[in-house]
Amino acid sequence: MARFIKKSKHEIGISPDELLFRGEQKIDNVLLRIIDFDANNLEENAMATVNEVLKYQEKDTVTWFNVDGIHNTSIMQEIAKGFNLDPLIMADVMNTQSRPMIQEYDNCIYISIKMLRHDEETNLIQVENLSLILTKTVLITFQERKGDVFEPVRGRIRKQKKRIRNSGTDYLAFALLDIVIDNYIYIISEFGEKIETLEENLLLEPKQSVIEDINNYKRELNFLRKNIKPAKEMILNLSKMESDLIEYSTDVHFRELQDNINQANESSDSYREILSDQLNIYHTTISSKLNDIMKFLTIFSVIFIPLTFIAGIYGTNFDVVPELHYEYSYFIMWFVMLSVAIGMLFYFKKRKWF
Amino acid sequence: MARFIKKSKHEIGISPDELLFRGEQKIDNVLLRIIDFDANNLEENAMATVNEVLKYQEKDTVTWFNVDGIHNTSIMQEIAKGFNLDPLIMADVMNTQSRPMIQEYDNCIYISIKMLRHDEETNLIQVENLSLILTKTVLITFQERKGDVFEPVRGRIRKQKKRIRNSGTDYLAFALLDIVIDNYIYIISEFGEKIETLEENLLLEPKQSVIEDINNYKRELNFLRKNIKPAKEMILNLSKMESDLIEYSTDVHFRELQDNINQANESSDSYREILSDQLNIYHTTISSKLNDIMKFLTIFSVIFIPLTFIAGIYGTNFDVVPELHYEYSYFIMWFVMLSVAIGMLFYFKKRKWF
Amino acid sequence: MARFIKKSKHEIGISPDELLFRGEQKIDNVLLRIIDFDANNLEENAMATVNEVLKYQEKDTVTWFNVDGIHNTSIMQEIAKGFNLDPLIMADVMNTQSRPMIQEYDNCIYISIKMLRHDEETNLIQVENLSLILTKTVLITFQERKGDVFEPVRGRIRKQKKRIRNSGTDYLAFALLDIVIDNYIYIISEFGEKIETLEENLLLEPKQSVIEDINNYKRELNFLRKNIKPAKEMILNLSKMESDLIEYSTDVHFRELQDNINQANESSDSYREILSDQLNIYHTTISSKLNDIMKFLTIFSVIFIPLTFIAGIYGTNFDVVPELHYEYSYFIMWFVMLSVAIGMLFYFKKRKWF
Amino acid sequence: MARFIKKSKHEIGISPDELLFRGEQKIDNVLLRIIDFDANNLEENAMATVNEVLKYQEKDTVTWFNVDGIHNTSIMQEIAKGFNLDPLIMADVMNTQSRPMIQEYDNCIYISIKMLRHDEETNLIQVENLSLILTKTVLITFQERKGDVFEPVRGRIRKQKKRIRNSGTDYLAFALLDIVIDNYIYIISEFGEKIETLEENLLLEPKQSVIEDINNYKRELNFLRKNIKPAKEMILNLSKMESDLIEYSTDVHFRELQDNINQANESSDSYREILSDQLNIYHTTISSKLNDIMKFLTIFSVIFIPLTFIAGIYGTNFDVVPELHYEYSYFIMWFVMLSVAIGMLFYFKKRKWF
Amino acid sequence: MARFIKKSKHEIGISPDELLFRGEQKIDNVLLRIIDFDANNLEENAMATVNEVLKYQEKDTVTWFNVDGIHNTSIMQEIAKGFNLDPLIMADVMNTQSRPMIQEYDNCIYISIKMLRHDEETNLIQVENLSLILTKTVLITFQERKGDVFEPVRGRIRKQKKRIRNSGTDYLAFALLDIVIDNYIYIISEFGEKIETLEENLLLEPKQSVIEDINNYKRELNFLRKNIKPAKEMILNLSKMESDLIEYSTDVHFRELQDNINQANESSDSYREILSDQLNIYHTTISSKLNDIMKFLTIFSVIFIPLTFIAGIYGTNFDVVPELHYEYSYFIMWFVMLSVAIGMLFYFKKRKWF
């Protein structure tokens, strides 16, 4: 249920280096894939076991080792052992609830970030944890499910002349982070389009459904912001890290990463304000419309009140009501009623009541 | 009464190193327990007097000395004397109103933090002060009542191979702080689940009880935040402390502590915003529903007003009312009334009033 | 009138070292009192003239020289001359409108802070300026009126074994500041109790008087915050000051001062938020109650409208109204009316209008 | 029109060192006045031309050269040339729209600040630009109109013993800035008095005019804050400036300048919050009063509705209405009506509706 | 549609140095223009090809090479090659969605900023990307469309004696940035004038159109702020840059740039607050007006209710209604009705209901 934070009782107090999958399993079998390349050679392969992957560690080439599915503790232990990783890292990889973060170890850098996807059907933002372990020659990535957004990077790797073919694992990691953040911006821009369209409808036809849309967008933007904010912090820490493993943190590409995450943050803030304004516009429009109706109806009733009163007077059965017996009384009554009605209309008009 | 801050007149101006219990006594007798361990040996024992504990000071093993009950001044003085502690520390331990803090002394580090517990019955968050005194070989902890949340740590100590068995008092302290903060997150996630469930009810059936729930959650989140915020500050100061007693502050475990306290803070902020939004949704739904009713009723009355007026006209007793004497007048009146009613309905429909 | 800031035209542009009493005189005659002590000796005395006090300057003992009443320019000049103080200090002492501050001079440190007192009668917070001049052997304090909150410190001085008897003027100054800040917390906790009590009444019986209480508390909390905030800043500057006169600023006692002022600030912020929430609860409760009434009344009227119309129809005096002449018409009318009323009630019930 | 910011199309892109008067001319002829003094001598004079002033540059005395009127480009150029000033300075002096700022040049320091004046008639705050050019021996000040608030400083200069007579141009500049900021506080305290008086009226008689007052005060406080905020920043930069021309920036007088500008800022913030609270009180009072009226009137009408209905029933002209022919029917009707009315009143009372 | 952020799916994950035009094409053919000058010579020319421009690189003169139209990839590549620019720069130039930024390269500095223009017709702010590439002898500027706001700078270049003729490319770049920021201020001041005019109308005649204006201004100010804020950050980074290419960042002209961008930010903030206040005033005025009407109408109806009831009583057809047969009953009824009406008016007046 709780999308914003989840913690079950039995997760409290377990040792931080104990491997325990926390989250919802989204794939049946763990898939292992590698892409191994240098400027001239390229190899793409699915692997059956972790052992087959280990040899790439020794090669000078850049190897991208992608793992889909993070629930299998024994595979995780094999990876940790094979790549000589601190057991803490694997514990973090398996915890889908962890905050986006970056941690430096002796032989690697651990990065985790949230991948966001807008599910058109439920209109909810789906979140998936992405973990990257950056070593000198291998970049290990962990995803919760099969299918990802990294196809453009694979495309760039497949084309021989691209810079990515001449760069190390750090550049590859940046390229992946860049896509993740680009997707943030894409989701926000999708939201943005809907929100800006909403505004036009808002003035034409303020319906209850509009307000539900606004509230949905607000909640989803909140959810988005909660996942993007720590990513910004993480990117900042990445830029301050002085590690042999990262060459590019002073680089222009890296600054673009920062610019993008900033833009994502600022735009989501802008849309938040716009949504708040729209709520106000909605309420103003609705209440102004209601006011118009109530004013009309009240004025309408008020005009009939004295008329009905007059009719009531001459419906009384007193023995002596002199007016009843003049021949033109009935017509005079109509005339008086009309005069009263018109007089009141004039008075209301003069006071600018309608 | 005042949950957020308490200060009675007689507490003003007493010497800061005077031992005075400030708070509500939650246990009858003070309980002393020790767990003493190194990589190979483990001893768990309840102690009758402070004197029995003192010998562990000299041993190279890690000793966790837990005290349940902080109201007994003489025991406090024995501990202070036995462990050679600054009297100020004991004064702070006995003050349940103190802010979470960390203070460095020559021979120890004093840490205090709030343990929170959600009382299902009253729906209130209960707060208990936890004080830790970290010395080279002994970690002294003070709790206000018996029964705690540290069982998982004891479990880890009892298993021989865990890292905790090979580490010092500082790692033990971190493990305890970690559980305290994990409990913050657990409470927030429990709240979160209720809050997110609330949202569904909100749209289906906006009842007065919902608003009371929202206000309760808001108040409890406020209370929680007030206790968590200074803890974040305290953890930050802990990370900046350069002390021989703490080896792990640059460690990954420690960074997890920081990440967790940040996540607790951010999530409570998110839920605050969600609650505010829910309040708005509630008000909008309620007022939109009322508007619908009032509009319907007003339109309904307005339609009858001219009809009743017409009936009134022909209830007058004038001698000369020509219409009264035509044979079909009564039926014509009905026809006119129907026309007026339908005409008005059309007009209102055209102006989109219902 | 203006409690938050006062400045009269003639105060603009006068030389900053000109002695001019700014404020309201709260005492007739200036009272001079000294307490002189070291670890073994203690002397308490009222002094008639400033001259009598000056000799204590030379003694190695700690002397607390307290002045009640700050309106007498000539006494101020005597003190300035006798203790060789910068004339600016005295100008500041005499200005009750000055902001809490700390200023370092060659031979002394000048500290000013606001003492707050909650006046039960008017329900207003009264403010009094406290100035401290810290020299090596004498601490001079200036208060606006007789009677203060420092009795506990005097009590501690009178008891021979207390730390205060073995410490210098700086420790004495800290003890005084500590009491002032403890009083802030005390006032806030008093407010807190009232505010939390208010909440219960709020739901039971939302009266207009409650809202006046809330607004009063808000205004007084505002006033309090305005006086506490600069004190926090002042304490921070005190901690950064590197002066021979202050030994204790790195001390645990001093850190308690900071913790206390922080707690005062945070608690007043918490109560501010609670008050805002209470205002919202009040408005919600009131408007929900009014809605209930209006809904009931409107539904009630609406049910009678068609009934009255029917009665009106058969009150018309047309020659030909066939229904009038059937024997059971009158009873049929009653039956129809009842059916209409019950039908409408069912309809409203079905739409969940009441 | 636009008081908060003004920029006309032709001002865009002109060279920053081009002399162009931007603003509204407030004086016909430029007035040149000097006050020249040292500890023993004093000369006050009006000058006809800039040339006459230049000789004071060479003298060791302190010269205050005041210029009223900044629209005359040729005089400005003479001054720039005579005192060897960067043309940029003069361009800034002539731009009344510039932000309060401080700029260091080789031979002088340029300071600009806004002088504020509360115009009682229009109830608006009038703003006038003050520019100060601080050189070793001459302080040049530029004002937009004749007549200023600096008379107290002139008074202090005229009295021989004052510190100002023994100090340099920097002290004189501080004295002028001090008066400008004192005037900020004076204006705020004037506003404050009115605002605090408003509060009493608010509860007694909430009139529409009150809300206009509140909105006026809000707008003027906004305007004030916009002009004060950059001044605070400017004073801060002044304190960080390391220049031979300023001796006093570490001085107590200078710290008072900072305290005053802070107090001005904080007080205007406090009053802003008070005004917001007052708006809320106003709305609450108004709406609570309206609710009372509407409730009374609705209850009143509702009581008559069934009564009128009963009367209507017995106004029908059915041939057979048995009740009509009992002798006491009319009186029974009255009795039933009374019972219904009283019953309803009891019911409403029981539900606490009035 | 989405004005605040745009990202299409196919833009995700492409290599950062790939040249791809992102945005809306606003010009058919790319225009190349140069202005080449030193203190004595001046040449202005339109160029047909990039090749013709390259020779100016070698000359010692300052060359401003302006490119209108950024959609042509091959021209971009020629420029990158001819001026030996990093391909990343050109990718950024062609991305109209990029955030204002500054990036230092070995042989140049890349600056991008948004040019804003208020379109009177649509009442929307139009945004155009301006990119500057600053090399030692050539300043290359890229604009999205023909026609710009830099005419005043060209004017200053054409006049021989201006400082710009004696300065380098950095001063020219500053002059251009200065105009861009001046235009921000101009737009804000235009808005400001309209907003301040609005306020007067607001009180005289609160119409629905006013609220639409306010909401439009709010949205446009939001849009403006989103584009100005990063520019402020960019200027700040510019001031911290230590590059051989920039001589003037410590200069007074540069500080004016900072002052202007600050003023733009502060003024837009001020107007934001004013707009929020205006919304409040509008709502208050509207609701206070509606309250007046409703109060009047309700009081009016309430007065007739008992009168109509009385008439109803004497319209009943009971056999025995004694009052009906007194000769003056009818007139007495009128008298009673009048008394009731006047009595109620008095009562309402006394309770200050109108």
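Lettering follows sequence order; numbering is per chain, from 1. Since we're looking at a predicted model, the values are computed, not measured.
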Out of [options], return the one with the most heavy atom pairs under 4.5 angstrom to chain E.
options: A:I187, A:I274, A:T285, A:I188; value: A:I274
options: A:I310, A:D277, A:I181, A:I299; value: A:D277
options: A:I281, A:L176, A:D178; value: A:I281
options: A:N280, A:I179, A:D259; value: A:D259
options: A:S288, A:G155, A:S267; value: A:S267

- Task: Look at the aromatic rings of E:W334 and A:F309 and report parallel, tilted or perpendicular, splitting at 30° and 60°.
- Result: perpendicular

- Message: Once you measure the plane-to-plane angle for A:Y347 and E:F296, does it fall in the parallel (<30°), tilted (30-60°) or perpendicular (>60°) bin?
- Response: tilted

I need the minimum non-hydrogen distance between [X] and [Y], along with the two atoms involved.
X: E:E327; Y: A:V320; answer: O-CB, 3.5 Å
X: E:E104; Y: A:R255; answer: N-NH1, 3.6 Å
X: A:P322; Y: E:Y330; answer: CD-CD2, 3.9 Å
X: A:D182; Y: E:E11; answer: OD2-O, 3.9 Å

Under 4.5 Å heavy-atom distance to chain A, tell me which part of [X] shows up: side chain, backbone, both or neither.
X: E:I12; value: both
X: E:Y110; value: neither
X: E:L307; value: both

- Task: Decide yes or no on salt bridge (Lys or Arg N to Asp or Glu O under 4.0 Å) for A:E199 and E:R219, but give the supporting numbers first.
- Result: CA-CA 11 Å; A:E199 189 148 347; E:R219 196 193 49 231; 3.2 Å; yes

If you measure from [atom1] on [X] to [atom2] on [Y], what distance do you get to the nearest 0.5 Å?
X: A:K295; Y: E:K289; atom1: NZ; atom2: NZ; result: 5.5 Å
X: E:T308; Y: A:I305; atom1: OG1; atom2: CD1; result: 7.5 Å
X: E:L290; Y: A:L290; atom1: CG; atom2: CG; result: 9.0 Å
X: E:F304; Y: A:F304; atom1: CZ; atom2: CZ; result: 14.0 Å
X: A:T298; Y: E:I293; atom1: OG1; atom2: CD1; result: 9.0 Å
X: E:K7; Y: A:I185; atom1: NZ; atom2: CD1; result: 4.5 Å

Under 4.5 Å from any heavy atom of chain E, what part of [X] do you find: side chain, backbone, both or neither?
X: A:F348; answer: side chain
X: A:F150; answer: neither
X: A:Q258; answer: neither

- Item | Residue of the set E:R225, E:K226, E:K229, E:R99 for which salt bridge (Lys or Arg N to Asp or Glu O under 4.0 Å) holds with A:E266 |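 In the set E:R225, E:K226, E:K229, E:R99, the residue that makes a salt bridge (Lys or Arg N to Asp or Glu O under 4.0 Å) with A:E266 is E:R99.
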
- Item | Check ion pair A:E273-E:R272 (N to O, under 4.0 angstrom) | yes

- Would you find a donor on one side and an acceptor on the other, under 3.5 Å apart, between the side chain of A:Q263 and the backbone of E:Q97? yes

- Query: If only atom types and distance count, is the side chain of A:N317 paired as donor or acceptor with the main-chain N or O of E:T316 below 3.5 Å?
  - Reply: yes

- Task: Check whether more than 12 heavy atoms from other residues, nucleotides or ligands sit under 6.0 Å from atom CZ of E:F331, and answer yes or no.
- Result: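 Buried by this count: over 12 neighbours within 6.0 Å.
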
- Message: Does atom CD (E:E24) have a neighbourhood of more than 12 heavy atoms from anything else shown, all under 6.0 Å?
- Response: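 Counting other residues, nucleotides and ligands, CD of E:E24 stays at 12 neighbours or fewer.
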
- Message: Let's go through E:I286 and A:N291 carefully: what are the C-alpha distance in whole Å and the side-chain angles of both, what is the deciding distance for side-chain contact (heavy atoms from CB on, under 4.5 Å) to 0.1 Å, and is it a yes or a no?
- Response: CA-CA 10 Å; E:I286 280 292; A:N291 283 351; 4.2 Å; yes

- Do the non-hydrogen side-chain atoms of A:P306 and E:F300 ever get within less than 4.5 Å of each other? yes

